[in-house]
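Everything on this sheet refers to the single structure shown next.
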Amino acid sequence: MCEQKIDAIIEKYRGQPGSLIHALVEIQHENHWLPREVLQRLADALEVSFSQVMQIASFYKTFSLTPKGRHEVHVCSGMTCHLRGAAKLLARVEEITGLKAGETDADSRFTLETGACLGSCSIAPELIVDGKHYGRMTPDQAEAVLKSYE
Amino acid sequence: MSEIVLNIDGKEVAASAGMTVLQAAQQADIHIPTLCHHEKLEAYGGCRLCIVEVEARGRKSYVVSCLYPVEPGIVVRTRSEKVDKIRKVLVEELMAHAPDAPELVRLAEEYGADRHRFDKETSFCVLCGLCVRYCDEVKHKNAVGFIENGAVREISFIPEIAAKECWSCQECFTLCPTSYAQAAYLLTEALAFPGRREAHSHAHAHATPEPERRVIPITPVAATA
């Protein structure tokens with residue numbers, strides 16, 4: 001799907017070991033996950049050893065070494081969201097998507113994650129889909145929001 | 001090189017600029033326990049066992065001697081009640097991971113560490129990084145690296161590289177304080193490229209015997225109850 005885009009990113013940083021994290025971030029953003037072959041090609045192009053690429057790719061939570069869904073759903077589990085009903089929101093989102101936190105469904109439509117704190121306490125409880133913030137979520141509203149993502 | 005004179009355990013020790021306190025102490029035959037230190041490798045400061053008390057300009061501080069550069073006039077104490085206590089707790093924490101590692105057993109005796117103090121977390125790896133750094137800095141192969149972070153951090157052999165490089169090297173096995181490097185390698189071998197051992201012994205069954213490069217026998221350590 002975006003092989004060329006990945007190749008372009010790798011080419012852009014060819015021979016620059018110091019740009020490893022930048023390259024990983026861009027590939028992650030483009031592809032939503034980091035396949036092993038891509039990391040191998042990146043290691044060769046940037047002249048960094050593969051084990052060092054793996055070390056960095058597995059260290060940061062930003063990077064995923066397993067496939068992710070087309071839409072990343074985050075439910076905030078921070079203190080404020082918790083007090084304003086995040087648990088019920090999460091339970092409903094889990095029910096709608098059929099996923100537990102950290103999982104991706106078989107059609108790779110959604111990946112569900114929790115996190116604390118996602119930084120928008122003033123609009124708690126919060127749901128984030130693909131970086132778009134939905135504040136003051138009720139379980140019913142969450143259902144409508146998630147339906148709009150295919 | 002300018003000479004720097006410092007005091008280690010009451011002894012005047014001369015060192016050159018850029019040396020670490022650990023190097024200066026070793027030069028003067030003063031023993032400081034280490035786990036992650038290796039003379040061929042860059043100082044790492046991972047195990048913290050080489051912690052010493054440094055008194056500089058009237059202030060006491062506790063620093064890891066493998067990273068602390070020598071300064072003129074500082075007073076270093078390699079053993080004090082507090083240093084010993086810090087080391088004891090460090091050994092106890094490491095023993096939660098590798099309770100029977102020979103070096104830890106020895107250190108535990110010396111510092112009176114209780115191997116049962118912390119709940120066992122038997123990863124067998126103390127993350128000293130010797131194998132990882134040796135493979136990188138000395139062998140330039142990077143066949144083994146760290147993966148993950150925090151509590152689940154571990155060493156991992158890269159099967160593609162390990163299949164090519166590790167058989168004829170296996171040098172990290174002897175560096176490892178817990179034998180875990182060897183175990184991790186054998187696991188990788190069994191999962192990713194099995195049959196190597198048999199193929200090797202077949203091929204060399206009739207050929208001139210080459211120096212045996214198999215697995216280093218591990219002397220069993222008496223369990224210290």
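So you know, we letter chains A, B, ... as the sequences are listed, proteins then strands, and number each from 1. Just so we're clear, the structure is a prediction, and the values are computed from it rather than from any experiment.
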Next item on the list: Quick one: pull up CZ in A:F50 and CG in A:L39 and give me the separation to the nearest 0.5 Å.
Entry: 5.5 Å

Checklist line | Heavy-atom side-chain proximity of B:I74 to B:V76 below 4.5 angstrom | finding: yes

Check: For chain B, which residues from residues 67-78 of chain A lie under 4.5 Å away (heavy-atom distances)?
Finding: none

Notebook entry, point to check: So, A:T138 side chain and A:Q141 main chain: donor-acceptor pair closer than 3.5 Å or not?
Noted result: yes

Note to self: The criterion is salt bridge (charged side-chain N to carboxylate O under 4.0 Å, His left out); which residues satisfy it with A:R92, sequence neighbours excluded?
What the structure shows: A:D140, A:E143

Check: Can you check whether A:T97's main-chain N or O pairs, donor with acceptor, with A:R109's side chain at less than 3.5 Å?
Finding: no

Check: For B:V152, is it the side chain, the backbone, both or neither that has a heavy atom under 4.5 Å from a heavy atom of chain A?
Finding: neither

Note to self: Return the SG to CD1 distance between B:C176 and B:I155, rounded to the nearest 0.5 Å.
What the structure shows: 6.5 Å

Distance-only criterion, 3.5 Å: which donor-acceptor pairs connect chain A and chain B?
unit_1 : atom_1 : unit_2 : atom_2 : d
A:R36  : NE     : B:E160 : OE2    : 3.4
A:R36  : NH2    : B:E160 : OE1    : 3.2
A:S49  : OG     : B:N142 : ND2    : 3.3
A:S51  : OG     : B:N142 : O      : 3.0
A:S58  : OG     : B:E148 : N      : 2.8
A:F59  : O      : B:N149 : ND2    : 2.4

Next item on the list: Nearest 0.5 Å please: distance from the CE atom of A:M137 over to the CG atom of A:L146.
Entry: 9.0 Å

Next item on the list: For residues B:C50 and B:C66, determine if any side-chain heavy atom of one lies less than 4.5 Å from a side-chain heavy atom of the other.
Entry: yes

Notebook entry, point to check: Is the shortest heavy-atom distance from the side chain of A:V25 to the side chain of A:I21 under 4.5 Å?
Noted result: yes

Checklist line | Residues that A:K132 engages under salt bridge (charged side-chain N to carboxylate O under 4.0 Å, His left out), provided they are two or more places apart | finding: none

